[in-house]
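Worksheet for the structure shown next.
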Protein chains: 2
Amino acid sequence: MSAVSVGPFPRPAVAVDLVILTVVDTDLKVLLITRGLPPQERSWALPGGFVRVGEGGTGGESLEAAAARELAEETGLGEGAVFLEQLYTYGAPDRDPRGRVISVAWYALVPSDRVTQVVAGSDAAAARWFSLGGGSLPPLAFDHAQILGDAVRRVQGKIDYAPVAFRLVPEQFTVPELRAVYEAVKGTDYDAANFRRRFRRMVEDGLIVPAPGKRPAEVGRPARVWRWAEG
Amino acid sequence: MSAVSVGPFPRPAVAVDLVILTVVDTDLKVLLITRGLPPQERSWALPGGFVRVGEGGTGGESLEAAAARELAEETGLGEGAVFLEQLYTYGAPDRDPRGRVISVAWYALVPSDRVTQVVAGSDAAAARWFSLGGGSLPPLAFDHAQILGDAVRRVQGKIDYAPVAFRLVPEQFTVPELRAVYEAVKGTDYDAANFRRRFRRMVEDGLIVPAPGKRPAEVGRPARVWRWAEG
DNA sequence: AGAATAGTGTCTATCAGACACTATGCA
DNA sequence: TGCATAGTGTCTGATAGACACTATTCT
């Protein structure tokens, strides 16, 4: 009775799609998979899947749990290891040729030192990191190009006022590494001296603390190592 | 066949809920309705309704169309008359006792001079504007208190960098009226002189143009009238 | 010593907060 | 003339951009 009381109207399918981002060297990258099934078989797409709902239309997993589950299946990265935040919900009636599919999109930020273990743990037929910018992205299935663009704009905006850059570097990082993340995300160069000043204020505010050791450089003077102070 | 190919899995119901905000005098207000049906009959709630999906699980209205439709039904305000933007999607498995209901929440900003026509056009049994702050809000149904809080925080953040304040004042407005909107939204006072300086820069950038006439004040010196330059 | 990168100091323009001040309309 | 509100000018401290400079490591 309880499930029936929301009415006998037709219901859409509800999916989650993931924009999984990282920065390697000076490049912002996104993890894409090749679809193994129709429709749009063999075209590149964002990883995702349907939200699990209990029999009778009650219970099941939360949206965040569905996103975290897909993320773990796709990357092998466990809960809490990466930043995961809801982006936007896409529901145009014709966005999926199979019928009415509403997609709750999420974006994830993967630290650069975990990128190597990601593709290995993937259970997709094929998963690959693609650089954004430079026009090297393949055509994407459904409305995934739109979703990807929205995710990138969200991170670009958020990096200026929220501590998201730290989710893209290893736990221990140097100032030039952090600056490279900003430059990759925003697509512009930052003056090294001015960036350091902003960074120094974060140190003074206790947001960042020194970590032991220095980073041996391939060439030039080694950099000091730092660590984000919060959990 | 096409609708079936997304699988025979149980599907959630999908709804839209609306946080309809306005500023009257110095108060930020939200439009709430009393639920005419169980569950939580007679408790106050955000206006909302289910997204219409075609028979066979294809087609139907977009999420934005569903939100705009509910807004029009609830307030009598036509398309494009008010600012409407997606907020967040709520999907905890137990958020609705009737079963699995995923809600795509939107928020709307109603200009203060349209507030009077709003309640008249409502088709709800009872609809009322409630002031936020001052603790005068009634308990809300489901997770609507959470949604309302998220909406207010979104507007508070967005007013600093996006032209949303102009969606809360009449087409023609004075600087003190605009300042009152900022103060109501942010919950803090603004120095009148410094606010004017920010405002003057927007005039210099062509974002705001003078409108004819002055606003006759009840008391004191009348204020000049301005108009937002865009669409 | 020289090359390469890490890190510092400083000048300047811009902007926000604080606040003293002037202008206008009305009783 | 006095009151209430609209609107201006200016001082100060914080911050971002530009850029010249010093420091450390390796070959």
Side-chain angles (χ1 to χ4, degrees), chain A residues 25-26 112 156-163 165 169-170 172-227, chain B residues 25-26 112 156-163 165 169-170 172-227:
Chain A
D25 294 326
T26 59
S112 55
Q156 286 174 340
K158 194 148 185 163
I159 201 172
D160 287 328
Y161 66 89
V169 289
Q172 312 227 332
F173 58 88
T174 67
V175 174
E177 280 168 3
L178 192 67
R179 180 161 55 86
V181 165
Y182 276 79
E183 292 178 342
V185 167
K186 301 281 272 189
T188 58
D189 285 354
Y190 281 67
D191 180 280
N194 296 334
F195 185 88
R196 272 200 131 69
R197 188 173 39 199
R198 282 173 57 182
F199 183 87
R200 194 156 41 230
R201 268 193 286 271
M202 289 192 277
V203 174
E204 285 160 8
D205 294 348
L207 299 175
I208 291 164
V209 293
K214 294 187 179 183
R215 181 82 88 236
E218 293 157 14
V219 62
R221 170 175 172 182
R224 294 194 58 181
V225 179
W226 303 84
R227 182 172 58 74
Chain B
D25 294 327
T26 60
S112 55
Q156 285 175 338
K158 196 148 184 163
I159 201 172
D160 286 329
Y161 65 91
V169 288
Q172 312 227 334
F173 57 88
T174 67
V175 175
E177 280 167 4
L178 192 67
R179 180 161 55 87
V181 164
Y182 275 79
E183 293 179 336
V185 168
K186 301 281 272 191
T188 58
D189 284 353
Y190 281 67
D191 181 280
N194 296 333
F195 185 88
R196 273 200 131 70
R197 188 174 40 200
R198 282 173 57 181
F199 184 85
R200 193 155 44 228
R201 269 192 286 272
M202 290 192 277
V203 174
E204 285 159 9
D205 293 348
L207 300 175
I208 291 163
V209 294
K214 292 188 179 181
R215 182 81 88 237
E218 292 156 14
V219 62
R221 172 177 171 182
R224 294 194 60 182
V225 178
W226 303 84
R227 183 171 57 76

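In what follows, chains are A, B, ... by sequence order, proteins preceding strands, each numbered from 1. Side-chain atoms are counted along with the backbone in the values below, which use heavy atoms only and exclude waters and symmetry mates.
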Write down the distance between CD (A:E218) and C1' (D:dT24), rounded to a whole number of angstrom. 17 Å
Got a donor-acceptor pair under 3.5 Å from the side chain of A:D191 to the base of D:dA16? no
Side-chain contact, heavy-atom cut-off 4.5 Å: A:R201 with A:L207? no
Rounded to the nearest Å, what distance is computed from the CZ atom of residue B:F199 to the C1' atom of nucleotide D:dA6? 13 Å
Separation of D:dG17 atom C1' from A:R198 atom CZ, nearest Å, is 12 Å
Counted 5' to 3', the first and last nucleotides of DNA chain C within 4.0 Å (strictly under) of a heavy-atom of chain A are C:dA4 to C:dT10
Heavy-atom side-chain proximity of A:V175 to A:R224 below 4.5 angstrom: no
With respect to the phosphate group of D:dA16, does any side-chain polar atom (N or O) of A:R201 fall under 4.0 Å of OP1 or OP2? yes
Set out, in order, the CA-CA distance, both residues' side-chain angles and the distance that settles salt bridge (charged side-chain N to carboxylate O under 4.0 Å, His left out) for B:D191 and B:R196, then state yes or no. CA-CA 9 Å; B:D191 181 280; B:R196 273 200 131 70; over 6 Å; no
A:D25 atom CG: more than 12 heavy-atom contacts under 6.0 Å: no
Is the closest side-chain heavy-atom distance between A:T26 and A:E183 below 4.5 Å? no
Give one of base, sugar-phosphate or nothing for A:A193, where a contact means two heavy atoms less than 4.0 Å apart. base
For the residue pair A:F173 and A:V225, establish whether any side-chain heavy-atom pair is separated by less than 4.5 Å. no
Calculate the interatomic distance between A:D205 atom CG and D:dA14 atom C1'; express it in whole Å. 13 Å
To the nearest Å, how far apart are B:N194 CG and D:dA14 P? 16 Å
Taken to the nearest whole Å, CD/B:E177 to P/D:dT5 is 14 Å
Expressed as a whole number of angstroms, how long is the span from A:R200:CZ to D:dT15:P? 13 Å
Spacing of A:Y190 atom OH relative to D:dG17 atom P, expressed in whole Å: 8 Å
So for A:R221 and D:dA23, does any side-chain atom that can act as donor or acceptor lie under 3.5 Å from a complementary atom in the base? yes
Reading DNA chain C from 5' onward, which residue's closest nucleotide shows up sooner: A:A223 or A:R197? A:A223
How about A:W226 and A:L178: do any of their side-chain heavy atoms sit closer than 4.5 Å? no
